[in-house]
Trainee: 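This is the structure I have questions about; it appears just below.
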Amino acid sequence: MDIQDTGYLTIALPKGKLFGISSELFAKIGYTADGLYEKSRKLVITNDEKKIRFIITKTADVPTYVEYGAADIGIIGKDVLMESGKDVYELLDLGFGRCHLMMAVPQSQKRAKLTSYAHTRVATKFPHIAERFFNSKGMQMEYIKLNGSIELGPIVGLSESIVDIVETGTTLRENNLEEIAYIMDATARLIANRVSFKMKFERIRQMTEDLRTILESGEDK
Ligand code: PRP
């Protein structure tokens with residue numbers, strides 16, 4: 001197998017929350033491959049008959065694989081895509097993986113005004129998005145980049161606040177944190193490498209239309 005074989009369409013799927021629903025969505029348009037499941041340790045799974053190759057990557061790395069053309073197509077949350085700043089085409093809003101980004105603080109230490117948090121420390125997986133948000137409020141902050149369990153930051157005194165995603169609100173509730181500022185909504189997006197989009201235009205266009213049809217018919221539910 002030549003991983004660079006241009007006859008194949010390479011699709012980057014993120015491990016984690018988006019994996020299951022993404023692979024099921026592709027299966028509905030006939031894009032599937034034997035052994036495509038999240039717990040597998042196999043990183044490249046190929047369907048030679050359909051000339052499709054799935055690569056399984058860390059969530060935050062999907063935009064990188066797509067920007068460099070190591071994958072033609074990828075699925076990634078808008079939050080991670082924006083944070084990455086990668087130069088890719090966004091083809092479709094897939095609608096699932098809905099969440100929002102926000103700022104939260106411990107309930108017991110809530111201050112009266114957002115601006116009174118200026119010059120304090122904020123723990124986040126999204127320092128670029130957070131900085132843009134606080135800049136828009138005229139606030140300078142100290143950003144502490146974490147890779148997970150962000151909510152722990154203010155509980156143990158690492159930071160005064162967090163900027164993170166909320167899906168169900170359970171993590172905030174269970175850790176006595178309160179949302180004090182909304183930043184942006186996010187859903188999963190279908191993205192494409194800019195060169196692949198031109199070189200494999202018909203195939204990518206057809207695939208995008210097939211996915212759109214499934215999403216609009218509600219069959220993805
Ligand atoms: C994300 C996010 C929150 C949580 C929000 O973490 O960072 O911690 O989900 O979801 P909820 O509102 O439904 O509770 P994730 O599960 O991706 O794990 P992580 O903490 O390792 O980043």
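Just so you know, ligand 1 is whichever comes first in the structure, and atom 1 is the first atom listed for that ligand.
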Trainee: Only heavy atoms of Val166, strictly under 4.0 Å: list the atoms of ligand 1 that pass.
Mentor: 12 (O)
Trainee: May I ask you to list the atoms of ligand 1 that are less than 4.0 angstrom from any heavy atom of Ser149?
Mentor: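 Those atoms are 19 (P), 20 (O), 21 (O).
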Trainee: Could you tell me whether atom 21 (O) of ligand 1 has a protein heavy atom closer than 4.0 Å?
Mentor: yes
Trainee: Among Ile162, Asp79, Thr171, which one puts a heavy atom closest to atom 14 (O) of ligand 1?
Mentor: Thr171
Trainee: Taking distance alone, with N or O pairs closer than 3.5 Å, would you say Gly169 contacts ligand 1?
Mentor: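 Checking ligand 1 against Gly169, an N or O pair does fall under 3.5 Å apart.
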Trainee: Are the charged groups of Lys78 and Glu90 less than 4.0 angstrom apart, N to O?
Mentor: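 Here Lys78 pairs with Glu90 in a salt bridge, since their nearest N and O are under 4.0 Å apart.
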Trainee: Can you tell me which portion of Asp164 lies within the under-4.0 Å heavy-atom range of ligand 1? Options are side chain, backbone, both, or neither.
Mentor: side chain
Trainee: Near Arg98 CZ, under 6.0 Å, is it more than 12 heavy atoms from other residues, nucleotides or ligands?
Mentor: no
Trainee: Backbone N or O of Glu160 within a donor-acceptor pair of the Gln109 side chain at under 3.5 Å?
Mentor: no
Trainee: For a side chain to side chain contact (heavy atoms under 4.5 Å, CB included) with Ser161, tell me which candidate from Thr124, Leu177, Val122, Ile180 qualifies.
Mentor: Val122
Trainee: Is it the case that ligand 1 has an N or O less than 3.5 angstrom from some N or O of Asn147?
Mentor: no
Trainee: Could you tell me which atoms of ligand 1, counted from 1 in the order shown, lie closer than 4.0 angstrom to a heavy atom of Thr168?
Mentor: 11 (P), 12 (O), 13 (O), 14 (O)
Trainee: If you measure from each heavy atom of Lys125 to ligand 1, is any distance below 4.0 Å?
Mentor: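 Yes, that is the case, since the closest heavy atom of the residue is under 4.0 Å from the ligand.
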Trainee: Identify, for atom 3 (C) of ligand 1, the protein heavy atom at the shortest distance, and state residue, atom and that distance.
Mentor: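 The closest heavy atom on the protein side is Glu151 OE2, 3.2 Å.
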Trainee: Heavy-atom count check: over 12 atoms from other residues, nucleotides or ligands less than 6.0 Å from Tyr182 OH?
Mentor: yes
Trainee: Hey, what's the ring geometry for Phe26 with Phe54, parallel, tilted or perpendicular (30° and 60° as the breaks)?
Mentor: perpendicular
Trainee: Regarding Arg121 and the six-membered ring of Tyr143, is the cationic atom NZ or CZ under 6.0 Å from the ring centre and inside 45° of its axis?
Mentor: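 No, Arg121 and Tyr143 do not form such a contact.
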Trainee: Heavy-atom contacts with Thr170 under 4.0 Å: which atoms of ligand 1 show up? List them by number with element.
Mentor: 12 (O), 14 (O)
Trainee: For atom 5 (C) of ligand 1, which protein heavy atom lies nearest, and how many Å away is it?
Mentor: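 Answer, as residue, atom name and distance: Ile165 O, 3.5 Å.
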Trainee: Quick one: which ligand 1 atoms are inside 4.0 Å of a heavy atom on Gly148?
Mentor: 19 (P), 20 (O), 21 (O), 22 (O)
Trainee: With a 6.0 Å cut-off (strictly less than), is the heavy-atom count around OH of Tyr65, excluding the residue itself, greater than 12?
Mentor: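 12 or below, so no.
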Trainee: Do any N or O atoms from the side chain of Thr168 and from the backbone of Thr170 form a donor-acceptor pair under 3.5 angstrom?
Mentor: yes
Trainee: Any idea which protein heavy atom is nearest atom 17 (O) of ligand 1, and the distance to it?
Mentor: Lys17 NZ, 3.8 Å
